[in-house]
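Order of appearance sets the numbers: ligands from 1, and atoms from 1 within every ligand. Atoms considered below: every heavy atom in the structure, side chains included; atoms not considered: hydrogens, waters and symmetry mates.
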Amino acid sequence: MASAAHRAILTLDKRARAELKGQKPVILWMTGLSGAGKSTIANRLEEKLWLCGHHTMLLDGDNLRCGLNKDLTFTDAARVENIRRTAEVAKLMLEAGLIAICALISPFRRERMLARQLVGADEFIEVFVDAPLDLCKRRDPKGLYARALAGQIPNFTGISSPYEPPDTPELHLRTDRHDVDALAGQVLEALRHRGVIAGTP
Ligand code: ADP
């Protein structure tokens with residue numbers, strides 16, 4: 001059936017909205033195992049950006065699953081839909097001129113590629129938040145590995161569901177080697193280097 005939806009013509013575009021904010025809009029897509037440090041680094045990064053006067057929105061996978069995505073499970077199909085919705089919301093944030101920080105496991109390369117393809121080539125920065133599985137299990141900040149290993153959580157990434165690491169992420173953060181502040185600083189530096197935000201801190 002033909003769709004009745006039409007795209008409205010808008011006077012302002014993302015560039016106009018972003019110019020007022022003194023930044024270039026981008027999506028920072030943080031992927032990695034549960035417990036690798038995505039939320040922690042995303043949170044610290046957002047604080048740092050805020051202190052420099054930048055406008056951000058943090059889309060945290062766990063939080064989205066409490067609202068927009070609360071109908072979704074963790075089957076492969078539901079994970080794909082989880083990424084699709086999150087990427088579409090991030091694209092709207094981009095249109096608003098924001099630096100959209102997405103922190104979600106997003107285990108499949110193909111879906112991360114689909115998210116990337118929704119926006120321009122220079123608007124998507126994939127950040128691999130990397131820690132060995134053993135370390136994530138030891139950290140287990142939400143007690144999820146313990147429950148997954150006890151068979152209480154089906155389809156848990158790293159235990160009973162695969163994680164496909166990025167081949168060529170724009171940024172690779174080793175959370176087993178550097179502390180949160182240094183890693184958030186690395187992302188900030190990369191944003192300056194790409195002209196997303198200006199100048200020195
Ligand atoms: P994720 O969002 O990837 O599931 P979280 O950020 O919720 O992971 O949890 C990561 C845990 O690891 C937190 O308890 C955090 O304090 C701890 N941690 C220790 N070192 C680091 C680091 N260098 N970077 C990020 N998190 C770290």
Side-chain angles (χ1 to χ4, degrees), residues 26-51 56-70 72-76 78-87 89-90 93 99-109 111-112 115-116 124-150 152-167 169-191:
V26 286
I27 295 176
L28 273 167
W29 191 278
M30 308 185 101
T31 172
L33 291 169
S34 179
K38 300 177 295 300
S39 301
T40 307
I41 295 168
N43 195 46
R44 183 68 57 87
L45 172 66
E46 197 177 30
E47 278 171 22
K48 284 182 184 286
L49 284 165
W50 182 81
L51 285 170
T56 56
M57 182 62 195
L58 174 46
L59 299 173
D60 189 284
D62 289 340
N63 293 350
L64 290 177
R65 279 187 180 275
C66 296
L68 176 69
N69 295 336
K70 74 174 166 195
L72 299 177
T73 62
F74 288 88
T75 63
D76 285 5
R79 283 173 188 273
V80 170
E81 177 61 7
N82 185 45
I83 301 303
R84 189 194 70 77
R85 288 186 199 171
T86 306
V89 173
M93 301 293 165
I99 297 169
I101 308 168
C102 302
L104 61 170
I105 299 174
S106 43
F108 303 128
R109 271 189 209 106
E111 273 60 57
R112 295 194 301 264
R116 182 187 285 278
F124 191 93
I125 300 173
E126 188 173 32
V127 183
F128 180 23
V129 181
D130 187 10
L133 179 61
D134 275 349
L135 178 58
C136 294
K137 280 189 209 163
R138 264 182 275 131
R139 285 180 180 163
D140 204 7
K142 296 154 224 160
L144 297 174
Y145 284 101
R147 288 177 53 206
L149 287 165
Q152 292 165 9
I153 308 179
N155 304 314
F156 192 76
T157 302
I159 304 297
S160 46
S161 184
Y163 177 76
E164 302 170 355
D167 290 325
E170 277 78 7
L171 279 170
H172 187 167
L173 305 181
R174 296 286 308 255
T175 73
D176 55 338
R177 293 198 184 158
H178 306 285
D179 69 21
V180 179
D181 209 56
L183 293 167
Q186 277 184 31
V187 182
L188 211 60
E189 198 39 53
L191 293 179

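For atom 8 (O) of ligand 1, the closest non-hydrogen atom of the protein is G37 N, 3.2 Å. With respect to atom 10 (C) of ligand 1, the closest heavy atom belonging to the protein is G35 O, 3.5 Å. What sits closest to atom 13 (C) of ligand 1 on the protein, heavy atoms only, is T40 OG1, 3.7 Å. Of the protein's non-hydrogen atoms, the one nearest atom 14 (O) of ligand 1 is P141 CB, 3.8 Å. Considering only non-hydrogen protein atoms, atom 20 (N) of ligand 1 sits nearest to R139 NH2, 3.3 Å.
When each atom of ligand 1 is checked for a heavy atom of A36 under 4.0 Å away, the hits are 3 (O), 8 (O). Each of the following atoms of ligand 1 lies closer than 4.0 Å to a heavy atom of L33: 3 (O). Proximity to D179 (heavy-atom distance under 4.0 Å) selects the following atoms of ligand 1: 23 (N).
The proximity of D176 to ligand 1, defined as any non-hydrogen pair under 4.0 Å, does not occur for either the backbone or the side chain.
Under a 4.0 Å N-O distance rule, the pair R112/E126 qualifies as a salt bridge. The residues D60 and K38 are annotated as not salt-bridged, no charged nitrogen and carboxylate oxygen being separated by less than 4.0 angstrom.
Two residues are said to be in side-chain contact when any heavy atoms from C-beta on lie closer than 4.5 Å; L191 and L28 meet this criterion. At a threshold of 4.5 Å between non-hydrogen side-chain atoms, the residues S34 and T157 do not count as touching.
For atom 24 (N) of ligand 1, the candidate residues are D60, L104, L135, V180; the nearest heavy-atom contact is made by V180. One option in H178, R174, K38 has a heavy atom closer to atom 3 (O) of ligand 1 than any other, and that option is K38.
Although no hydrogens or angles enter the test, the distance criterion places no donor-acceptor pair under 3.5 Å between the side chain of T31 and the main chain of F128. Under a 3.5 Å cut-off, the side chain of R85 and the backbone N or O of L68 do form a donor-acceptor pair. Of the possible donor and acceptor atoms, none in the side chain of R109 sits under 3.5 Å from a partner among the backbone N and O of P166. Within the 3.5 Å criterion, the main-chain N or O of T73 finds a donor-acceptor partner in the side chain of R65. A distance-only check finds a donor-acceptor pair linking the side chain of D140 to the backbone of L144 [under 3.5 Å].
The closest approach between any non-hydrogen atom of V129 and ligand 1 is not below 4.0 Å. Within the structure, the closest approach of A103 to ligand 1 does not fall below 4.0 Å when heavy atoms are considered. Ligand 1 does not have G32 within reach: every non-hydrogen atom of the residue lies 4.0 Å or more from it. At a 4.0 Å cut-off, at least one heavy atom of K142 sits close enough to ligand 1 to count as contact.
Rounded to the nearest 0.5 Å, atoms CD1 (I101) and OG (S39) are 11.0 Å apart.
For ligand 1, the polar-atom distance check against T175 finds a nitrogen or oxygen pair separated by under 3.5 Å. Any N or O atom pair closer than 3.5 Å counts here, and I41 shares no such pair with ligand 1.
Side-chain N/O atoms of T40 and R139 include no donor and acceptor closer than 3.5 Å.
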